[in-house]
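Counting starts at 1 for both ligands and their atoms, in listed order.
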Amino acid sequence: MIILNRIDTLKNELRQITKDKKIAFVPTMGALHEGHLSLISKAKKENDIVVVSIFINPTQFLQGEDLDTYPKKEQADAKLCELCGVDYLFLPNKEMMYEKDEILIKAPKTKGFILEGEKRPGHFDGMLQIVLKLFNIVNPTNAYFGKKDAQQLSLINQMVKNFYLDINIVACEIVRENDGLAMSSRNVYLDKHQRELALNISRSLNFAAKAVGANKTNSTLIIKEMEDFLSQYTEIKIEYITIVNREFEQINTIEIKNSIILIAVKIGNIRLIDNIWV
Ligand code: AMP
(Lines give C-alpha, C1' and ligand atoms only; values in the text may rest on other atoms or scores of the structure.)
Protein backbone atom coordinates (compact mmCIF):
# COMPACT_ATOMS: atom_id res chain seq x y z
CA MET A 1 0.00 0.00 0.00
CA ILE A 2 1.18 3.49 -0.79
CA ILE A 3 0.43 6.25 1.68
CA LEU A 4 0.26 9.71 0.16
CA ASN A 5 -0.41 13.17 1.44
CA ARG A 6 0.06 15.23 -1.71
CA ILE A 7 -2.70 15.80 -4.21
CA ASP A 8 -0.48 15.99 -7.32
CA THR A 9 1.37 12.77 -6.48
CA LEU A 10 -1.88 10.88 -6.00
CA LYS A 11 -3.34 12.23 -9.24
CA ASN A 12 -0.19 11.37 -11.23
CA GLU A 13 0.04 7.88 -9.76
CA LEU A 14 -3.58 7.12 -10.51
CA ARG A 15 -3.41 8.53 -14.04
CA GLN A 16 -0.45 6.33 -14.95
CA ILE A 17 -1.69 3.15 -13.36
CA THR A 18 -5.40 3.19 -13.92
CA LYS A 19 -5.85 3.29 -17.67
CA ASP A 20 -8.62 0.73 -18.37
CA LYS A 21 -8.81 -0.11 -14.69
CA LYS A 22 -11.68 0.38 -12.29
CA ILE A 23 -10.85 2.72 -9.43
CA ALA A 24 -12.83 2.47 -6.20
CA PHE A 25 -12.94 5.30 -3.74
CA VAL A 26 -13.92 5.08 -0.07
CA PRO A 27 -13.89 8.47 1.66
CA THR A 28 -13.79 8.33 5.48
CA MET A 29 -12.94 10.39 8.53
CA GLY A 30 -10.85 7.59 10.00
CA ALA A 31 -11.05 5.73 13.33
CA LEU A 32 -11.92 2.83 11.08
CA HIS A 33 -14.30 0.11 12.23
CA GLU A 34 -16.01 -2.87 10.61
CA GLY A 35 -18.50 -0.57 8.91
CA HIS A 36 -15.72 1.19 7.02
CA LEU A 37 -13.99 -2.12 6.35
CA SER A 38 -17.13 -3.55 4.76
CA LEU A 39 -17.08 -0.67 2.27
CA ILE A 40 -13.41 -1.29 1.56
CA SER A 41 -13.92 -5.01 1.12
CA LYS A 42 -16.82 -4.49 -1.30
CA ALA A 43 -14.70 -1.93 -3.15
CA LYS A 44 -11.83 -4.40 -3.34
CA LYS A 45 -14.05 -7.13 -4.82
CA GLU A 46 -15.57 -4.90 -7.47
CA ASN A 47 -12.55 -2.91 -8.68
CA ASP A 48 -8.89 -3.08 -9.67
CA ILE A 49 -7.56 -0.27 -7.51
CA VAL A 50 -8.88 0.88 -4.13
CA VAL A 51 -8.25 4.38 -2.83
CA VAL A 52 -9.24 5.24 0.74
CA SER A 53 -9.08 8.76 2.13
CA ILE A 54 -9.01 9.78 5.76
CA PHE A 55 -9.78 13.41 6.36
CA ILE A 56 -11.63 14.96 9.29
CA ASN A 57 -13.29 17.64 7.25
CA PRO A 58 -13.59 20.81 9.35
CA THR A 59 -16.28 22.44 7.19
CA GLN A 60 -18.86 19.76 7.99
CA PHE A 61 -18.59 20.28 11.75
CA LEU A 62 -20.68 22.98 13.38
CA GLN A 63 -19.37 25.28 16.10
CA GLY A 64 -19.51 23.37 19.37
CA GLU A 65 -19.41 19.94 17.70
CA ASP A 66 -16.63 17.41 18.22
CA LEU A 67 -14.11 18.50 15.55
CA ASP A 68 -11.26 18.78 18.07
CA THR A 69 -12.04 15.57 19.92
CA TYR A 70 -13.03 13.40 16.94
CA PRO A 71 -11.18 10.07 17.42
CA LYS A 72 -7.89 9.82 15.52
CA LYS A 73 -6.13 6.50 14.94
CA GLU A 74 -3.90 7.17 11.97
CA GLN A 75 -1.43 4.33 12.50
CA ALA A 76 -4.00 1.67 13.32
CA ASP A 77 -6.09 2.86 10.36
CA ALA A 78 -3.13 2.57 7.99
CA LYS A 79 -2.46 -0.94 9.23
CA LEU A 80 -6.09 -1.95 8.72
CA CYS A 81 -6.12 -0.48 5.21
CA GLU A 82 -2.94 -2.34 4.35
CA LEU A 83 -4.43 -5.61 5.64
CA CYS A 84 -7.58 -5.02 3.59
CA GLY A 85 -5.57 -4.64 0.41
CA VAL A 86 -6.04 -0.90 -0.05
CA ASP A 87 -3.74 0.35 -2.81
CA TYR A 88 -3.61 4.03 -1.92
CA LEU A 89 -4.31 5.66 1.41
CA PHE A 90 -4.72 9.39 0.95
CA LEU A 91 -4.18 11.55 4.04
CA PRO A 92 -4.63 15.17 3.07
CA ASN A 93 -4.56 18.10 5.48
CA LYS A 94 -6.93 21.04 5.61
CA GLU A 95 -4.42 23.54 4.20
CA MET A 96 -4.18 21.63 0.92
CA MET A 97 -7.91 20.95 0.74
CA TYR A 98 -9.16 24.50 1.30
CA GLU A 99 -8.43 28.07 0.29
CA LYS A 100 -9.59 31.02 2.37
CA ASP A 101 -12.30 32.24 0.03
CA GLU A 102 -13.79 29.44 -2.01
CA ILE A 103 -16.64 28.77 -4.36
CA LEU A 104 -19.11 26.97 -2.14
CA ILE A 105 -21.47 24.12 -2.77
CA LYS A 106 -24.92 24.47 -1.22
CA ALA A 107 -27.10 21.53 -0.25
CA PRO A 108 -30.50 21.64 -1.99
CA LYS A 109 -33.16 23.68 -0.18
CA THR A 110 -35.54 20.85 0.59
CA LYS A 111 -33.62 17.61 1.01
CA GLY A 112 -30.58 19.41 2.41
CA PHE A 113 -32.40 21.33 5.14
CA ILE A 114 -34.57 18.71 6.78
CA LEU A 115 -33.55 16.19 9.47
CA GLU A 116 -29.73 16.21 9.70
CA GLY A 117 -29.68 19.37 7.61
CA GLU A 118 -32.03 21.07 10.06
CA LYS A 119 -30.27 19.84 13.19
CA ARG A 120 -26.80 20.51 11.78
CA PRO A 121 -27.17 23.56 9.51
CA GLY A 122 -24.22 23.81 7.13
CA HIS A 123 -23.11 20.23 7.71
CA PHE A 124 -24.20 19.00 4.29
CA ASP A 125 -22.72 22.03 2.50
CA GLY A 126 -19.31 21.16 3.96
CA MET A 127 -19.76 17.46 3.29
CA LEU A 128 -20.68 18.00 -0.37
CA GLN A 129 -17.82 20.48 -0.82
CA ILE A 130 -15.21 18.00 0.36
CA VAL A 131 -16.70 14.99 -1.41
CA LEU A 132 -16.73 16.88 -4.71
CA LYS A 133 -13.09 17.88 -4.22
CA LEU A 134 -12.10 14.31 -3.36
CA PHE A 135 -14.05 12.94 -6.33
CA ASN A 136 -12.15 15.32 -8.62
CA ILE A 137 -8.80 14.31 -7.16
CA VAL A 138 -9.37 10.55 -7.27
CA ASN A 139 -11.62 10.39 -10.32
CA PRO A 140 -13.10 7.05 -9.29
CA THR A 141 -15.24 4.67 -11.30
CA ASN A 142 -17.16 3.62 -8.18
CA ALA A 143 -17.47 5.41 -4.84
CA TYR A 144 -18.68 3.59 -1.73
CA PHE A 145 -20.93 5.08 0.95
CA GLY A 146 -22.79 3.57 3.90
CA LYS A 147 -26.55 3.54 4.27
CA LYS A 148 -25.88 4.47 7.89
CA ASP A 149 -25.69 8.07 6.68
CA ALA A 150 -28.76 7.75 4.52
CA GLN A 151 -29.37 11.45 3.93
CA GLN A 152 -25.71 11.99 3.05
CA LEU A 153 -25.95 9.13 0.56
CA SER A 154 -29.05 10.61 -0.99
CA LEU A 155 -27.42 14.05 -1.33
CA ILE A 156 -24.29 12.57 -2.89
CA ASN A 157 -26.43 10.75 -5.42
CA GLN A 158 -28.12 14.06 -6.18
CA MET A 159 -24.78 15.88 -6.54
CA VAL A 160 -23.59 13.25 -9.01
CA LYS A 161 -26.79 13.73 -10.99
CA ASN A 162 -26.92 17.54 -10.80
CA PHE A 163 -23.26 18.01 -11.75
CA TYR A 164 -23.19 15.16 -14.30
CA LEU A 165 -20.34 13.42 -12.52
CA ASP A 166 -19.31 10.22 -14.19
CA ILE A 167 -19.16 8.22 -10.95
CA ASN A 168 -21.20 5.25 -9.84
CA ILE A 169 -22.29 5.56 -6.21
CA VAL A 170 -22.48 2.24 -4.39
CA ALA A 171 -24.73 2.12 -1.31
CA CYS A 172 -23.47 -0.30 1.36
CA GLU A 173 -25.42 -2.03 4.12
CA ILE A 174 -25.20 -0.83 7.72
CA VAL A 175 -22.79 -2.89 9.79
CA ARG A 176 -23.84 -3.44 13.41
CA GLU A 177 -22.28 -4.78 16.59
CA ASN A 178 -23.62 -8.21 17.58
CA ASP A 179 -26.08 -6.54 19.92
CA GLY A 180 -27.47 -4.33 17.17
CA LEU A 181 -25.71 -1.02 17.79
CA ALA A 182 -24.84 0.55 14.45
CA MET A 183 -21.08 0.88 14.24
CA SER A 184 -19.81 4.44 14.38
CA SER A 185 -16.48 6.08 15.15
CA ARG A 186 -18.39 8.12 17.72
CA ASN A 187 -19.48 5.04 19.71
CA VAL A 188 -16.24 5.32 21.71
CA TYR A 189 -17.76 8.36 23.42
CA LEU A 190 -20.42 6.14 25.04
CA ASP A 191 -19.80 4.89 28.56
CA LYS A 192 -21.12 1.47 29.58
CA HIS A 193 -24.51 2.73 30.74
CA GLN A 194 -24.97 4.99 27.72
CA ARG A 195 -24.04 2.14 25.41
CA GLU A 196 -26.72 -0.06 27.03
CA LEU A 197 -29.23 2.72 26.51
CA ALA A 198 -28.13 3.17 22.91
CA LEU A 199 -29.17 -0.39 22.10
CA ASN A 200 -32.77 0.79 22.29
CA ILE A 201 -32.26 2.81 19.12
CA SER A 202 -31.85 -0.27 16.92
CA ARG A 203 -34.45 -2.09 19.01
CA SER A 204 -37.00 0.62 18.22
CA LEU A 205 -36.12 0.40 14.52
CA ASN A 206 -36.48 -3.36 14.55
CA PHE A 207 -39.92 -3.11 16.17
CA ALA A 208 -40.91 -0.65 13.49
CA ALA A 209 -39.59 -2.89 10.71
CA LYS A 210 -41.52 -5.80 12.18
CA ALA A 211 -44.68 -3.74 12.21
CA VAL A 212 -44.11 -2.81 8.58
CA GLY A 213 -43.56 -6.51 7.85
CA ALA A 214 -47.00 -7.11 9.38
CA ASN A 215 -48.45 -4.60 6.91
CA LYS A 216 -48.72 -1.63 9.26
CA THR A 217 -47.91 1.18 6.89
CA ASN A 218 -49.20 4.28 8.65
CA SER A 219 -46.08 6.37 9.31
CA THR A 220 -47.64 8.36 12.17
CA LEU A 221 -48.58 5.20 14.05
CA ILE A 222 -45.18 3.60 13.56
CA ILE A 223 -43.41 6.75 14.70
CA LYS A 224 -45.71 6.99 17.75
CA GLU A 225 -44.92 3.39 18.70
CA MET A 226 -41.20 4.10 18.47
CA GLU A 227 -41.60 7.26 20.56
CA ASP A 228 -43.65 5.39 23.18
CA PHE A 229 -41.06 2.64 23.40
CA LEU A 230 -38.18 5.08 23.78
CA SER A 231 -40.04 7.28 26.27
CA GLN A 232 -39.29 4.68 28.99
CA TYR A 233 -35.69 5.80 28.81
CA THR A 234 -35.66 9.39 29.96
CA GLU A 235 -31.95 9.79 29.22
CA ILE A 236 -32.61 9.23 25.50
CA LYS A 237 -33.62 12.52 23.95
CA ILE A 238 -35.23 12.05 20.57
CA GLU A 239 -34.20 14.65 17.98
CA TYR A 240 -36.32 13.17 15.25
CA ILE A 241 -37.98 9.99 14.11
CA THR A 242 -39.26 10.13 10.59
CA ILE A 243 -40.08 8.02 7.58
CA VAL A 244 -39.06 8.96 4.05
CA ASN A 245 -39.06 7.30 0.67
CA ARG A 246 -35.82 6.68 -1.22
CA GLU A 247 -36.06 10.21 -2.66
CA PHE A 248 -36.06 11.47 0.91
CA GLU A 249 -39.59 12.81 0.80
CA GLN A 250 -41.48 12.43 4.09
CA ILE A 251 -44.35 10.00 3.56
CA ASN A 252 -47.56 9.27 5.46
CA THR A 253 -47.89 5.74 4.14
CA ILE A 254 -44.90 3.47 4.10
CA GLU A 255 -44.06 2.20 0.64
CA ILE A 256 -42.76 -1.34 1.12
CA LYS A 257 -39.17 -1.74 -0.16
CA ASN A 258 -39.01 1.99 -0.89
CA SER A 259 -38.94 3.56 2.58
CA ILE A 260 -36.40 4.45 5.25
CA ILE A 261 -37.19 4.87 8.94
CA LEU A 262 -34.72 7.34 10.41
CA ILE A 263 -33.90 8.26 13.95
CA ALA A 264 -31.55 10.71 15.65
CA VAL A 265 -31.18 10.88 19.41
CA LYS A 266 -28.94 12.39 22.02
CA ILE A 267 -27.70 10.45 25.02
CA GLY A 268 -25.95 13.01 27.19
CA ASN A 269 -23.95 15.05 24.72
CA ILE A 270 -23.53 12.18 22.31
CA ARG A 271 -25.57 12.35 19.16
CA LEU A 272 -26.41 9.07 17.46
CA ILE A 273 -28.20 8.38 14.19
CA ASP A 274 -29.51 5.14 12.80
CA ASN A 275 -32.03 3.94 10.24
CA ILE A 276 -33.59 0.92 8.67
CA TRP A 277 -34.55 0.43 5.02
CA VAL A 278 -37.96 -1.21 4.69
P1 AMP B 1 -17.25 8.37 8.38
O2 AMP B 1 -15.82 7.99 8.62
O3 AMP B 1 -18.11 8.29 9.60
O4 AMP B 1 -17.36 9.67 7.62
O5 AMP B 1 -17.84 7.26 7.41
C6 AMP B 1 -17.24 6.97 6.18
C7 AMP B 1 -18.17 6.08 5.40
O8 AMP B 1 -18.43 4.88 6.13
C9 AMP B 1 -19.55 6.72 5.13
O10 AMP B 1 -19.97 6.40 3.82
C11 AMP B 1 -20.42 6.08 6.17
O12 AMP B 1 -21.79 6.03 5.81
C13 AMP B 1 -19.83 4.68 6.23
N14 AMP B 1 -20.16 4.03 7.51
C15 AMP B 1 -20.00 4.52 8.74
N16 AMP B 1 -20.49 3.66 9.66
C17 AMP B 1 -20.99 2.61 8.97
C18 AMP B 1 -21.65 1.40 9.34
N19 AMP B 1 -21.89 1.09 10.60
N20 AMP B 1 -22.02 0.56 8.36
C21 AMP B 1 -21.78 0.85 7.05
N22 AMP B 1 -21.17 1.98 6.64
C23 AMP B 1 -20.79 2.85 7.58
Contacting atoms of ligand 1, where contact means under 4.0 angstrom from a heavy atom of [X]:
| X | answer |
| --- | --- |
| Ile174 | 20 (N), 21 (C) |
| Leu39 | 7 (C), 8 (O), 10 (O), 13 (C), 22 (N) |
| Phe145 | 10 (O) |

Can you tell me which portion of Val26 lies within the under-4.0 Å heavy-atom range of ligand 1? Options are side chain, backbone, both, or neither.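 Under 4.0 Å from ligand 1, Val26 contributes no heavy atoms.
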Heavy atom under 4.0 Å from ligand 1: found in Met183's side chain, backbone, both, or neither?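 The part of Met183 near ligand 1 is both the backbone and the side chain.
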Once you round to the nearest 0.5 Å, how far does CZ of Phe55 lie from CD1 of Ile130?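 So the gap between those two atoms works out to 4.5 Å.
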Test applied, side chain to side chain contact (heavy atoms under 4.5 Å, CB included); reference residue, Val86; option that passes from Ile40, Asp77, Ile3, Leu80: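 By the side chain to side chain contact (heavy atoms under 4.5 Å, CB included) criterion, Val86 pairs with just one of Ile40, Asp77, Ile3, Leu80: Ile40.
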With respect to Ser259, which candidate in Thr253, Ile254, Val244 satisfies the side chain to side chain contact (heavy atoms under 4.5 Å, CB included) definition?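 Filter result, single survivor: Ile254.
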Taking both backbone and side-chain atoms of [X], is any N or O found less than 3.5 Å from an N or O belonging to ligand 1?
| X | value |
| --- | --- |
| Ser185 | no |
| Ala182 | no |
| Lys148 | no |
| Pro27 | no |

Taking atom [atom1] as the centre, does [X] end up with more than 12 heavy-atom neighbours from other residues, nucleotides or ligands that are less than 6.0 angstrom away?
| X | atom1 | answer |
| --- | --- | --- |
| Lys94 | NZ | no |
| Asn93 | CG | yes |
| Lys73 | NZ | no |

Starting from [atom], locate the nearest protein heavy atom and write down its residue, its atom name and how far away it is, to 0.1 Å.
| atom | result |
| --- | --- |
| atom 4 (O) of ligand 1 | Met29 CG, 3.6 Å |
| atom 21 (C) of ligand 1 | Glu173 O, 3.3 Å |
| atom 15 (C) of ligand 1 | His33 CE1, 3.9 Å |
| atom 10 (O) of ligand 1 | Gly146 N, 2.9 Å |
| atom 5 (O) of ligand 1 | His36 NE2, 3.4 Å |
| atom 20 (N) of ligand 1 | Val175 N, 2.8 Å |
| atom 12 (O) of ligand 1 | Asp149 OD2, 2.6 Å |

Short N-O contact, [X] and [Y], less than 4.0 angstrom:
| X | Y | answer |
| --- | --- | --- |
| Arg176 | Asp274 | yes |
| Lys22 | Asp48 | no |
| Lys210 | Glu225 | no |

Check Asn245 against Glu255 and note the closest heavy-atom contact, atom names and distance.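 Heavy atoms of Asn245 and Glu255 come nearest at CB-OE1, 3.7 Å.
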